[in-house]
Amino acid sequence: MIDQLQLPIHEWLLENVSDALIFENKEGYVVAGNQKALELLQIRLQDKRVKVIDYINFEAVVKKTDHDNLVWTKTIPEKLIIMNRRQIGNLNCYIIREGGLKEKKDSLIYTLNHARNGPFEGIIMHDRGQIIDCDYAFCSMLGYKRADLVGKSIFDLVHQDDHNILSTNMTEGQHDSPYPLRGYKSDGSVIYAEVLPEPVQEEDYGLRIAIVRNITERVENEKQIEFMAYYDQLTDLPNRNYFQIVVEDELNNAKQNEEYLAVHFIDIDYFKHINDTLGYQVGDSLLRSCASRLKQLLYEDLFIARMTSDEFLVLQRNVKSEEDVKALAKKIIDLFRNPVKIDGYEIYTTVSVGISLYPESATTTSQLIEHADSAMHVIKEESRNDFQLFKHSLKKGFKERLRLETELHKAIKEDNFELHFQPQYDLQSNEITGFEALCRWNHEEMGYIPPDRFIPLAEKTGLILEIGDWVIYEACRQNKLWQNEGLEKVKVSVNLSAKQFLQRNLVERVSEILEETGLESKYLELEITESIAMSNERYIIDTLKEFRELGVQVALDDFGTGYSSLKYLSQFPLSKIKIDRTFIQNQNKQNIAIVKTIIHLSHALNLKVIAEGVENEKDLTFLVNERCDEVQGFYFSKPLPANEVLGFVNV
C-alpha cells in the first residue's frame, strides 16, 4: 500500500471480499490491491511501482458490455478474466474475477462424473461456437495445440452430419446429461464424444463452458457387439438373425402387396472334406472367397447372409415367376464353375441350392428357411451342383430318411452289413481279373436296402467312415480267405467315398488293414470319383503317390460324368480308368464317341480301361472292337454274396 493513502474501503473488507480488487491512480500505477488480485495477476509490489496495463492486455478484449469486459491477462500462462472498472474519487477500482475455465471446472467435473461414472477428458469455453479457451486435455484429445484452437469455430471440429445436434444443444439451457457428437481430430480421423455444456452465470456474455469426453472406444465396442449380433465376422455378411429379421419385414410387405418371395439355401459341396484335409485356415479363406462370389449378385432385390459353417442364404424379392427363381439359382451355380486359388491350392467346389417360395412353399420365415434347407438336402443327396424347388411331397421323404438314419446307426452297431462281389473280366484272356466289393444292407424288416438310399445318408451323417473302414477290412479279409481256399489270386476293388479319401490317416489305415488280414497290397484296388479329384489336387496327388509306394492301385471311377479333365489323367498316378455305365447302356452317337475317346486316350497314357454296366452281347462286342481292357456287368454276373463266389468261379 502507499503510505497514508485513504482508500474508499476498509482494509478488512479489502482482504475478505470474494473478488480481486485493485486500485489505480491517475498515472496508472497500482496503489493498492488485495491478496486475491495480487495472486491472480501475479503482481509484485515490493521493489517497484507497477501499472495495471503491465498485467492486463486491454487490447485483447474477448467480449465487452456496458459494465464488464472479458479480457486476457499478460501473465504466463495467460488467463481469461472478467474485469469491471469503476472510478471512485481520484482512483480507478478494478473488480476482477476468474473468467476462464477454472471458475466452472470443479462443478462441471463433479456433475459429469456423477452422471456417467467416469473421468473427464477435456474442457472448452466458447462464445456461440467460437472457441475462447480450452485446457490441455481437450487439445491432446483432438491432437491440436491450444494456440491452433483458440478463435476457431467449434463447427470446424464437429462432423457435418452432427451440426444440427450441436446447434440445437447450444441454444438450450441447463443440460441434465451429456449429449453425443462426432468430431474430427487433427489427422482427419473421427472421434466420438459426449458433451456436457453449462452456461456461464453472467448471461450478458452468452458464454458456455463444456466438458468433452472421448467415448470412441466405448462406441466402437458397442458397434462391435452390434456387428457380432447381426453380422458374420468371417465373411462380413449379415448372419442368420439379421436374415430372419429382414425376411419377416419382407413377408409383411409381401402379404400387404400380394407379392412373391423366394429363399435360396446354398450349401458348399465337399467343404468339410476340404476343411478336414487342408485345415481351418484354408477352409476360412474358401468361405470368404465363396462369400465374395455371392456378393457379385448383390442388387436391391437380393439380400445375402451366412447361415452357418458352409451354408448361405439369399432372399429374392419381387419374384414375378418361377422362372425368375430358377434363373437366379443357375447364376449362383455358375459363380462356382471356376476353381479358387488359396495358399497354392487350386480348389474346385460346387454348390447345392434349395429353394422355397412364398406363398406356395411356406408362409412364415421359419418355414421358408426350413423348406429351402430341405430342398437343398434333396439335391445334395441326389447329384449336387444343382438346385431343387421345395415340394410338399419332400416332407414325407424326410420322415423316411429320418427313420432310415436311425436304422443305419443300429445296423452299424449290430453289424448288419454284408459284401457282394461282382467279377471283372479281361477281354483278351476272358479270365476273371478281380472282384468289385459292393456293400449291401439287409434290413430285417425292409429287406435289402439299395446302396443309393443309404450310402448318401451315411455320407451326410459321417457314418460312412465307419462303414467304409469295415468294407475295406472285410474285402481284404475275404480276398485273403479265397486265396487260402485255392482261388486264383486276383485283386479286389473297393469304392472310397469322398470323406474316406480325405482322411489324413487313410494310407496308414489301409496299410494296417493289409497287415492285419495278410493280403498283399497288389491285390487291393481302390476306386475314387472325379468329384474327389476336384476337391484338392495337391492332397490327391500326394495321397495317390503314397498308395503307389504302398503297392495299392487306384482307379478313377465314373470318368466322364463330372468335370472330366485331362489333367487328372496326365498328373495323377492312376492305374485304371473306369467308364461309367451311362455311356455303355445308352449308345447314342455322342456316347459312342466319348467311349472311344476315353479308351484311346487312356491307352496313350499307359492306363488300363474298364467299362461297367455291360448287360448284353452288343455292349460287349462294341467294347471288344474298341480294345477296352476289362469289363463288368450283369451280362457276366450280378454281384454275388461271398459264399457264392467260389462256386461261380469253379463252374
Gln422 and Gln632: side chain donor to acceptor below 3.5 Å: yes

Tyr230 six-ring face occupied by Arg240 cation (under 6.0 Å, within 45°): no

Pairing of Arg317 and Glu259 as salt bridge, 4.0 angstrom limit: no

Centroid-centroid under 6.0 Å between Tyr242 and Phe303 rings: yes

Criterion side chain to side chain contact (heavy atoms under 4.5 Å, CB included) against Glu527, the qualifying member of Leu496, Val494, Asn495, Leu556: Asn495

Lys578 and Glu436 ion-paired at < 4.0 Å: yes

Smallest separation among heavy atoms of Tyr192 and Lys223, with atom names: OH-NZ, 2.5 Å

Any side-chain heavy-atom pair of Leu286 and Ile274 under 4.5 Å: yes

Modelled atom types, side-chain donor and acceptor of Asp232 and Asn239, under 3.5 Å: no

Any side-chain donor near an acceptor of the partner, Ser167 and Asn164, under 3.5 Å: no

Met307 and its side chain to side chain contact (heavy atoms under 4.5 Å, CB included) partner, picked from Leu313, Asp267, Ile266: Leu313

Plane angle bin for Phe454 and Trp441 - parallel if under 30°, tilted between 30 and 60°, otherwise perpendicular: perpendicular

Side-chain donor-acceptor pair present, Ser493, Glu525, cut-off under 3.5 Å: yes

Whether Ser361 side chain and Ser356 backbone form a donor-acceptor pair below 3.5 Å: no

Thr365 and Glu248: side chain donor to acceptor below 3.5 Å: yes

Lys545/Glu549 ion pair, N-O < 4.0 Å: no

Close side-chain approach of Asp324 to Gln316, heavy-atom, < 4.5 Å: yes

Side-chain heavy atoms of Leu166 within contact of Ile154, under 4.5 Å: yes

